[in-house]
Amino acid sequence: SLKNQVNPHFLFNSLNALTNLVYEDQDQAAAFIRQLSKVYRYVLETRSKEVVSLATELKFIDSYLFLQKIRYDDKLKVEIETEGYEDRMIPPLAIQMLLENAIKHNTIAKDEPLHISIIAKNDRLKVENNLQIKQIQREESSGMGLANIKARYEFLSDQPVKIEKTDKIFRVELPLLTMST
């Protein structure tokens with residue numbers, strides 16, 4: 001049940017974005033549908049897996065970010081550096097949950113872009129964003145996303161998930177695992 005936490009608002013927001021695209025740019029709408037299909041296919045294919053390779057997860061993240069960048073354009077900036085760690089393992093959807101949390105809780109505007117970095121180093125995956133907390137939260141946070149990730153790692157590894165929050169950044173470090181699927 002821990003793995004079944006893809007936010008229903010994501011689907012709602014995606015369909016709203018698609019509605020606008022259909023009228024504005026049919027080619028982009030078709031590309032959007034293909035990427036949305038890849039996202040949900042990945043969710044279905046990995047729901048019974050405990051871990052996937054980082055390369056597999058990042059391929060999914062490319063599709064997820066394609067959808068988010070349609071919505072936020074150049075206001076969402078993402079840097080990914082994982083060379084040399086592609087074969088390491090991670091629980092499926094862990095990165096997506098962290099990205100979704102960053103997008104959900106922070107202001108994303110032309111004069112306040114959201115910067116997210118995903119960097120693998122020293123056997124850990126660091127997902128970090130600049131902190132610009134929304135003044136008015138549209139939806140209350142249940143805190144389930146981070147609790148979900150921590151619980152999954154407690155089951156898989158003795159290496160802890162590290163969470164750090166300052167007045168400027170929010171960072172989560174995930175252990176990169178060496179087990180097989």
Side-chain angles (χ1 to χ4, degrees), residues 1-49 52-82 86 90-119 125-146 148-149 168-172:
S1 66
L2 289 174
K3 294 179 191 168
N4 293 329
Q5 192 187 332
V6 173
N7 191 333
H9 293 288
F10 167 68
L11 180 58
F12 177 76
N13 291 335
S14 294
L15 292 174
N16 278 337
L18 179 58
T19 300
N20 294 332
L21 274 179
V22 166
Y23 295 108
E24 296 170 9
D25 185 340
Q26 291 180 354
D27 290 338
Q28 187 78 323
F32 188 92
I33 291 167
R34 283 190 296 277
Q35 296 301 322
L36 184 59
S37 173
K38 287 180 182 179
V39 165
Y40 277 93
R41 181 178 301 117
Y42 181 81
V43 170
L44 293 172
E45 288 174 352
T46 62
R47 67 181 169 192
S48 63
K49 295 183 178 181
V52 295
S53 72
L54 182 57
T56 300
E57 181 81 352
L58 289 174
K59 187 174 179 186
F60 157 69
I61 291 301
D62 285 343
S63 294
Y64 177 78
L65 286 173
F66 177 90
L67 301 176
Q68 296 302 329
K69 288 186 178 197
I70 293 292
R71 191 168 165 209
Y72 294 107
D73 197 31
D74 61 350
K75 297 173 281 211
L76 178 61
K77 311 219 183 259
V78 180
E79 167 194 14
I80 300 174
E81 294 178 23
T82 60
E86 295 84 358
I90 188 168
L93 303 174
I95 299 172
Q96 183 270 340
M97 285 183 194
L98 296 174
L99 295 175
E100 186 174 15
N101 279 350
I103 291 167
K104 176 181 173 182
H105 294 294
N106 289 283
T107 300
I108 304 174
K110 189 171 189 137
D111 59 338
E112 291 181 290
L114 181 62
H115 295 270
I116 302 173
S117 64
I118 302 169
I119 299 172
L125 186 73
K126 178 177 70 172
V127 180
E128 179 178 303
N129 63 274
N130 57 319
L131 205 55
Q132 40 201 40
I133 298 294
K134 289 180 182 175
Q135 295 302 317
I136 300 172
Q137 290 288 337
R138 280 190 244 159
E139 46 190 281
E140 289 297 315
S141 174
S142 66
M144 289 302 298
L146 285 175
N148 177 325
I149 292 169
K168 296 189 187 232
I169 61 107
F170 185 80
R171 175 185 307 130
V172 176

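Residue numbers run from 1 in the order of the sequence given.
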Inset, instruction - Assess whether side-chain hydrogen bond (donor to acceptor under 3.5 Å, both in side chains) is satisfied between Y64 and Q35, documenting all intermediate values. - result: CA-CA 7 Å; Y64 177 78; Q35 296 301 322; over 6 Å; no
Is any side-chain heavy atom of [X] less than 4.5 Å from a side-chain heavy atom of [Y]?
X: K38; Y: F60; result: no
X: P92; Y: Y42; result: yes
X: M97; Y: N148; result: yes
X: L99; Y: N101; result: no
X: I103; Y: Y72; result: yes

Main-chain N/O of [Y] paired to [X] side chain as donor or acceptor, under 3.5 Å:
X: S37; Y: I33; answer: no
X: N130; Y: N106; answer: no
X: D73; Y: K75; answer: no
X: S53; Y: T56; answer: yes
X: K134; Y: K104; answer: yes
X: Q132; Y: T107; answer: yes

Once rounded to the nearest 0.5 Å, what's the spacing between atom [atom1] of [X] and atom [atom2] of [Y]?
X: I61; Y: L93; atom1: CD1; atom2: CG; value: 8.0 Å
X: I119; Y: E81; atom1: CD1; atom2: CD; value: 4.5 Å
X: H105; Y: N129; atom1: NE2; atom2: CG; value: 10.0 Å
X: L65; Y: L58; atom1: CG; atom2: CG; value: 9.5 Å
X: T82; Y: I90; atom1: OG1; atom2: CD1; value: 10.0 Å
X: I169; Y: K126; atom1: CD1; atom2: NZ; value: 8.0 Å

Inset, instruction - Please say which of V172, I116, I118 ends up in a side-chain contact (heavy atoms from CB on, under 4.5 Å) with I95. - result: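 The residue from V172, I116, I118 that satisfies side-chain contact (heavy atoms from CB on, under 4.5 Å) with I95 turns out to be I118.
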Inset, instruction - Mark yes when over 12 heavy atoms from residues, nucleotides or ligands other than Q26 sit less than 6.0 Å from its CD; otherwise mark no. - result: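 Open: at most 12 neighbouring heavy atoms sit under 6.0 Å from CD of Q26.
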Legend entry - Flag if over 12 foreign heavy atoms under 6.0 Å of NZ, K59: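 Counting other residues, nucleotides and ligands, NZ of K59 stays at 12 neighbours or fewer.
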Inset, instruction - Go through the side-chain N and O atoms of E24 and Q28 and say whether any donor and acceptor fall under 3.5 Å apart. - result: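 Q28 and E24 do not have a side-chain donor-acceptor pair below 3.5 Å.
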